[in-house]
Chemist: 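This is the structure, below, for whatever I ask next.
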Amino acid sequence: MELLCIRQWISGLLPTVKKWLSAWCIKPVGGALVRQEPEYILLALMGSPLKKIMLCSSEKEIFSVEEQVMVQHSVIINNMIEDGSYNHEESKIPLDCVDSKTLKKVIDYCTHHTHHHNDNQEDLEAWDAQFLNVDSNGLYDLLMAANYLEIRNLLDLIYGTIKNMIKGKKIDEIRRIFNIKDHGFTPEEEEQNRKEYPHFY
Amino acid sequence: MDQLPVEVIGNILSHLRAARDVVIASATCKKWRQACCKHLHTLSFSSNDWPLYRDLTTSRLEILITQTIFQTSGLQALSILMEDVDEFSASTVIAWLMYTRETLRHLYYNVKTTPNVNILELCGRHKLEILDLAHNSISGVEPNYQRFPCLKSLSLSYVSISALDLNLLVSACPKIEALELVNPEIAMSDAQVTVELSSSTLKSVYVEAISLDKFILEADGIECLHLKDCALEVFELIGKGTLKHFKIDDVSVIHLDIGETVENLEIVDISNFTIIWPKFYQMISKSSNLKRLRLWDVMFDDEDEVVDVETIATCFPQLSHLSLSYDVRDGALHYGLQGSSCLENVVVLELGWTVINSLFSHWVEGLLKRCPNLKKLIIHGVVSEAKSEEECLILANFTTSMIELMRRYTHVDPHFKYE
């Protein structure tokens with residue numbers, strides 16, 4: 001009810017305030033589009049609780065997060081909100097392939113990068129390095145979640161980390177690091193590879 | 001890792017870039033091989049990546065590159081940057097480009113091809129967005145038949161191209177935003193060498209080591225212009241006053257014109273140049289949005305001319321970074337520091353000398369007084385190898401006066417860079 005009255009009041013103010021507010025529009029981070037309707041920004045300025053959305057993990061746990069944070073980072077969530085398939089009053093976004101632990105971490109990442117996007121590069125990189133200090137299972141879960149939600153900057157970060165584990169190494173070493181027990185080549189194929197590139201093994 | 005879908009593995013391996021690492025990855029296991037075959041989008045052959053490239057003969061290297069490229073499909077970015085290779089044979093290069101041209105978006109290639117391959121003609125008409133070409137030649141541009149619809153960024157280094165073809169080339173790229181010309185070999189048909197480029201989409205132009213009679217650039221949307229190590233008689237920019245960043249370094253130009261409307265200029269960087277102060281002042285005095293001004297190793301046409309702080313303060317109220325290095329003489333000190341207007345927004349001040357004299361510290365002090373909100377002071381000095389006794393004395397006196405000065409300006413962070 002309260003929200004409706006505020007909205008009506010804002011609609012009246014909108015024409016004169018819109019131009020001034022265009023300078024307050026949030027800059028997109030990670031390439032996702034951003035909602036720029038002034039009524040939402042004005043709501044935030046007035047101190048009303050920032051619009052929140054509900055994300056539901058595969059373990060049916062609900063996470064409440066600022067809409068602006070997720071919309072800035074996740075193309076999937078941004079699209080859902082843009083095309084109106086998400087109803088703020090009642091629905092939640094089910095993310096059946098992301099477990100609670102991973103979802104919490106993803107939300108952490110997006111929230112930090114939205115609130116700290118003006119920090120200097122070194123600080124952000126240090127935070128990212130600390131953030132990715134997880135075991136390999138955790139890293140892959142994060143990768144799958146970022147891939148599903150299409151969070152560009154988190155994906156690039158994880159790609160970079162995994163790529164560094166491969167770069168400059170030899171084949172036997174890589175197989176050890178990534179626990180590849182069965183390489184899937186026929187014995188003839190494997191022999192052929194070893195003959196052609198002996199120094200890569 | 002085995003849970004990851006093959007496309008995701010393809011994305012990870014694409015971040016490897018270097019062909020050596022990609023070949024290793026594709027021999028690691030069947031799934032990774034599949035990822036390299038179907039989902040690899042970036043591949044790079046660079047002499048920096050793998051020292052062993054140098055041990056291979058050119059034909060062996062050609063075979064290696066061919067084998068690796070042909071095992072992929074859907075490649076979007078290909079980079080072949082080999083410093084020690086004299087040339088690749090045309091048929092091989094044509095094979096690489098024809099195989100990838102349907103999907104290729106970025107191409108970086110710097111090896112001479114014999115006989116010459118018109119690379120732009122071969123793959124520019126498809127999806128190519130970025131082309132970085134070196135040591136090749138471009139000829140026979142026909143905008144009516146050939147257009148490069150997606151090309152956004154074009155960089156030509158040590159490329160032979162006629163002035164006419166260069167003019168036609170830019171007009172054949174309807175979406176071009178960035179143009180870089182480094183040491184081009186411009187063949188001309190008549191005595192006067194004129195390059196006339198016209199593009200409404202060009203945003204950034206960088207020209208290095210070019211020697212021409214006339215260079216005319218017509219670009220209504222240009223934001224960044226950088227000339228380095230050029231010898232020009234006439235340089236003219238025709239636009240709509242959108243220029244934001246203007247930089248010239250070691251350029252000799254008799255007639256320089258960047259247009260009447262310069263209100264959007266934010267950064268002006270002039271180095272190794274002889275300035276005719278009244279003309280220069282006229283050129284940039286209307287740039288009230290100027291944020292950074294750098295006049296480095298500049299000389300004045302008229303020995304009595306100075307850069308006066310009063311003019312800078314009144315013309316450029318938004319200035320936040322000021323860098324000045326020129327021969328400070330009695331005139332500069334007295335007339336240059338006249339007036340009382342302050343540079344309110346300057347937070348970084350860089351001052352330099354090439355030959356130190358005793359006036360330098362007075363100049364520093366005079367400028368510090370005029371920058372009430374200064375946060376950082378950087379002093380650049382050239383110290384000659386053979387230091388005379390007099391020079392050592394001047395340097396010592398300078399150091400002493402700087403220490404005394406900085407004691408009074410404790411809110412300023414000083415840095416010294418000597419070379």
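Letters A, B, ... mirror the listed sequences (proteins, then strands); counts begin at 1.
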Chemist: Just by distance, with hydrogens left out, do A:Asp108 and A:Thr111 show a side-chain donor and acceptor under 3.5 Å apart?
Modeler: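 Checked: A:Asp108/A:Thr111 side chains show no N/O donor-acceptor pair below 3.5 Å.
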
Chemist: Any salt bridge linking A:Asp96 with A:Lys60? Criterion: basic side-chain nitrogen under 4.0 Å from a carboxylate oxygen.
Modeler: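 Salt bridge: yes.
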
Chemist: Could you tell me which residues in residues 18-28 of chain B have at least one non-hydrogen atom under 4.5 Å from a non-hydrogen atom of chain A, sorted by residue number?
Modeler: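 Answer by number: B:Ala18, B:Arg20, B:Asp21, B:Val23, B:Ile24, B:Ser26, B:Ala27, B:Thr28.
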
Chemist: Would you say the ring centers of A:Trp127 and A:His116 fall short of 6.0 Å from each other?
Modeler: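 Not close enough - the centres of the two rings lie 6.0 Å or further apart.
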
Chemist: Check B:Asp220 with B:Lys240, please: is the shortest side-chain N to carboxylate O separation under 4.0 Å?
Modeler: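 Answer for the salt bridge query: yes.
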
Chemist: Heavy-atom cut-off 4.5 Å, strictly under: side chain, backbone, both or neither for B:Gln34 against chain A?
Modeler: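 Neither part, no heavy atoms under 4.5 Å.
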
Chemist: Side chain, backbone, both or neither: which part of B:Arg33 has a non-hydrogen atom closer than 4.5 Å to chain A?
Modeler: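 For B:Arg33, the side chain is the part near chain A, not the backbone.
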
Chemist: Any ion pair linking A:Asp172 and A:Arg176 (charged N to carboxylate O, less than 4.0 Å)?
Modeler: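 So A:Arg176 does not pair with A:Asp172 through a salt bridge.
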
Chemist: So which part of A:Leu143 gets closer than 4.5 Å to some heavy atom of chain B, the side chain, the backbone, both or neither?
Modeler: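 For A:Leu143, the contact with chain B is made by the side chain alone.
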
Chemist: Could you work out, with side-chain hydrogen bond (donor to acceptor under 3.5 Å, both in side chains) as the rule, every residue matching A:Asp182, not counting sequence neighbours?
Modeler: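 By the side-chain hydrogen bond (donor to acceptor under 3.5 Å, both in side chains) rule, A:Asp182 matches no residue at all.
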
Chemist: Give a yes or no on whether a salt bridge exists between A:Arg175 and A:Glu190, defined as a side-chain N under 4.0 angstrom from a carboxylate O.
Modeler: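 So A:Arg175 pairs with A:Glu190 through a salt bridge.
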
